[in-house]
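Take a look at the structure below.
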Number of protein chains: 2
Amino acid sequence: MTIADKPQNRPTLRDVASLAGVSVATASKALNGRDQVHPDTRARVLVAAEKISFTPNALARGLLAGQTGTVGLITGDLDGRFSLPILMGAEDAFGKGKMSVFLCDARGDSIREQYHLDALLSRRVDGLIVVGSRTDPRPSLGRNLPVPVVYAYAPSTDDNDLSLVPDDVQGAKDCVDFLISRGRRKIAHITGQPDYAAAQDRARGVDEGLSSHGLSLLGGAQFGSWTEQWGRTATARLIEQHPDVDGILCGNDQIARGALDTLRESGWDVPGRISVMGYDNWEVFTTGARPHLTSVDINLEALGALAARRLFEAIDGSSRSGIESLPCRIVPRETT
Amino acid sequence: MTIADKPQNRPTLRDVASLAGVSVATASKALNGRDQVHPDTRARVLVAAEKISFTPNALARGLLAGQTGTVGLITGDLDGRFSLPILMGAEDAFGKGKMSVFLCDARGDSIREQYHLDALLSRRVDGLIVVGSRTDPRPSLGRNLPVPVVYAYAPSTDDNDLSLVPDDVQGAKDCVDFLISRGRRKIAHITGQPDYAAAQDRARGVDEGLSSHGLSLLGGAQFGSWTEQWGRTATARLIEQHPDVDGILCGNDQIARGALDTLRESGWDVPGRISVMGYDNWEVFTTGARPHLTSVDINLEALGALAARRLFEAIDGSSRSGIESLPCRIVPRETT
DNA sequence: ATGTTCGCCGAAAACCTTTTCGGCAAGTTT
DNA sequence: AAACTTGCCGAAAAGGTTTTCGGCGAACAT
């Protein structure tokens with residue numbers, strides 16, 4: 001019965017018009033705020049539309065206008081940790097009533113990505129945002145797509161595309177400055193797999209930051225994996241080999257979590273004897289830690305917002321290309 | 001220039017037809033595998049379509065067919081932990097080439113939810129999946145929507161709607177059985193805020209499970225918050241007041257994480273002296289723990305897949321209502 | 001009274017695709 | 001040779017909306 005009493009064919013502009021006793025042309029103009037329609041007539045149309053709860057068919061409108069007011073966000077993310085904040089940022093930037101953003105998930109699979117691309121293009125989205133789960137360059141979707149594309153977080157390999165990425169090098173430098181401003185001088189770096197651009201960039205930032213202060217890294221950058229386990233192992237080795245260490249910059253929050261665990265179990269006071277910083281500001285890790293973990297926020301909402309603005313500009317005609325880096329932001333908590 | 005050389009008006013079926021020297025009717029039939037078209041003609045049309053990389057306009061098709069082959073997924077999730085697995089499950093169940101699922105995020109805000117609902121309905125989706133971030137009942141989207149709706153994870157308050165939820169009561173019972181089969185008898189329960197249905201359901205399952213074995217809970221269910229901090233605090237108190245405890249069922253993985261930390265620091269051997277189980281099977285917590293945490297998977301992909309099937313049935317006419325519970329699955333690791 | 005402006009409305013075209021149905025030519029049957 | 005079937009193709013309608021443009025009546029100027 002829930003099916004039976006559903007209005008099988010939904011109300012159309014023609015229904016509104018006949019109810020209001022006008023033509024569809026006038027009804028359309030009345031609803032869209034065009035002038036050339038008498039105030040009384042407009043009022044009649046509005047109540048008629050309200051009465052039958054008319055919603056304009058976006059398919060027909062899009063077909064005619066050649067624009068749908070829709071942008072697609074294709075993500076390769078598996079758990080939404082990167083893509084949802086970017087989605088939110090983009091939505092906020094587009095503002096309500098204008099453009100809708102719809103997400104679909106390719107799970108890092110290029111077949112699925114192509115499938116979603118086709119689905120979105122055939123539905124005539126006005127633009128695309130492509131999100132990856134690592135900052136390593138990824139293959140371009142192609143040069144002669146019928147709509148503009150912005151790559152977010154994971155840049156395109158093609159310089160003709162526009163990509164937006166967090167500035168990991170500068171973020172890492174900022175961490176160094178932050179620790180040095182807290183009086184730390186013997187700084188180590190524990191990070192993830194060396195084949196990640198994020199690991200390389202952050203390590204480079206740490207190096208350059210220390211160099212600019214005339215310092216150098218304690219024991220060199222320790223590459224491993226992005227896990228708590230590695231954080232624990234590497235930290236245990238670190239404090240044994242370098243008992244004078246007074247700061248650890250970790251490649252992400254999980255490694256930092258592992259570092260904190262090992263330090264606590266070894267009786268090292270944080271932040272009394274040593275400071276620890278994470279990266280990514282994944283809240284479930286930073287505020288679960290003891291003490292709460294100082295980290296670096298990579299501003300994904302801002303990335304999404306800028307992606308939306310750039311897309312809007314491109315839809316309106318002006319186009320950019322290349323890689324744009326966005327600043328990160330240190331979130332001080334209790335480990336520094 | 002990237003804009004300038006974009007084909008401003010995309011190829012249409014008319015272009016294909018004129019290139020192949022046939023009418024649009026024949027071109028359509030050729031591309032859609034209809035019979036009534038000569039093999040040679042079909043081949044000509046196909047190469048023509050390929051040549052100008054024609055993609056059919058889904059707007060026009062949907063306008064005509066009254067169906068768009070699209071379902072919308074509205075989530076209230078903030079980090080995608082629940083909604084993305086459900087999205088994936090739904091996609092897999094629909095299968096490729098048939099239906100596309102697009103996600104939009106209301107962030108738990110009913111204004112935004114209404115906005116996205118309107119956006120999806122005006123784009124004439126064929127159905128909706130509504131996902132929440134807690135298992136507490138949520139307000140219905142309404143009874144006379146023009147398309148079928150399935151609520152997943154967070155059920156609707158309206159019994160006329162169809163809702164799919166994980167069976168937390170049975171899941172908790174299974175945990176009890178699991179611990180008892182491992183020889184545990186003195187079992188405690190530490191869980192989250194008492195105003196969460198998930199906390200109540202899981203606590204009830206634990207109670208009922210123990211009763212069915214003639215046992216009872218050690219110290220009663222400990223409600224607190226879904227955090228590591230609470231897991232640590234409650235566990236410290238627990239082992240002080242009940243040194244004979246040999247099993248802790250935690251309301252989620254973060255609480256379990258906190259419990260493990262406190263046990264390790266108190267010198268309790270896990271799983272030698274005591275077993276610990278989490279809930280939700282959030283991998284980043286279960287495999288980061290020492291030892292790796294046994295947990296309960298709430299099968300979100302299966303939930304999404306069933307949502308897709310139910311939606312498909314409803315679109316085809318048959319309709320159900322009420323709440324369907326899906327079984328959970330214990331994932332044994334090293335803490336039991 | 002004639003011509004002109006102005007305000008408001010409606011018919012029709014356009015967007016792109018799918019499906020129905022009529023038509024035409026070639027081949028088949030009586 | 002006439003009647004019929006078969007295979008293939010194309011014209012046209014339909015779907016819902018927006019925009020353009022012509023029209024019509026009323027108010028105004030001469």
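Note on naming: letters A, B, ... go to the chains in the order of the sequence lines (proteins, then strands), and numbering restarts at 1 for each one. Nothing here was measured: the structure is a model prediction, and the numbers come from that model.
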Below 4.0 angstrom from OP1 or OP2 of C:dC8, is there any side-chain N or O of A:Thr26?
no

Between P on C:dC9 and NZ on A:Lys29, what's the gap in Å once rounded to a whole number?
8 Å

Tested for side chain to side chain contact (heavy atoms under 4.5 Å, CB included) against B:Leu128, the lone hit among B:Val71, B:Leu73, B:Leu117 is B:Leu117

Roughly how many Å is it from CZ in A:Phe54 to P in D:dG16, rounded to a whole number?
10 Å

Measure CG/B:Leu13 against C1'/C:dT18 and give the value in whole Å, please.
9 Å

Return the nearest nucleotide to the side chain of B:Ala25; candidates are C:dT17, D:dT19, C:dT19.
C:dT19

Would you kindly give the CZ-to-P distance between B:Arg42 and D:dC8, to the nearest whole Å?
10 Å

Would you say A:Arg61 reaches D:dG16's phosphate, i.e. side-chain N/O to OP1/OP2 under 4.0 Å?
no

Nearest nucleotide by nearest heavy atom, which residue falls closer to the 5' end of DNA chain C, A:Arg44 or B:Thr12?
A:Arg44

From C-beta outward on B:Asn57, which listed nucleotide comes closest to its side chain: C:dC9, C:dT17, D:dT17?
C:dT17

In this structure, how many angstroms lie between the C1' atom of D:dT18 and the CD atom of A:Gln67, rounded?
14 Å

Please give me the minimum heavy-atom distance between A:Ser83 and A:Leu103, naming the atom from each residue.
CB-CD1, 4.1 Å

Report yes if a side-chain nitrogen or oxygen of B:Arg34 is closer than 4.0 Å to either non-bridging phosphate oxygen (OP1 or OP2) of C:dT18; otherwise report no.
no

Any salt bridge linking B:Asp136 with B:Arg134? Criterion: basic side-chain nitrogen under 4.0 Å from a carboxylate oxygen.
yes

To the nearest Å, how far apart are A:Leu63 CG and D:dT19 P?
14 Å

Testing D:dG15, C:dT19, D:dC8 for proximity to the side chain of B:Thr41, the answer is D:dC8

Here's a test for you: under side chain to side chain contact (heavy atoms under 4.5 Å, CB included), which of B:Glu113, B:Arg112, B:Gln114 qualifies with B:Ile74?
B:Glu113

B:Asp35 near the nucleic acid: base, sugar-phosphate alone, or nothing, with a heavy-atom cut-off under 4.0 Å?
nothing

Using atom CZ of B:Arg10 as one end and atom P of C:dT17 as the other, report the distance to the nearest whole Å.
10 Å

For B:Leu31 and C:dT18, give me the distance from atom CG to atom P, rounded to whole Å.
8 Å

Can you see which heavy atom on A:Arg10 is nearest to which on B:Leu121, and at what distance?
NH2-O, 3.1 Å

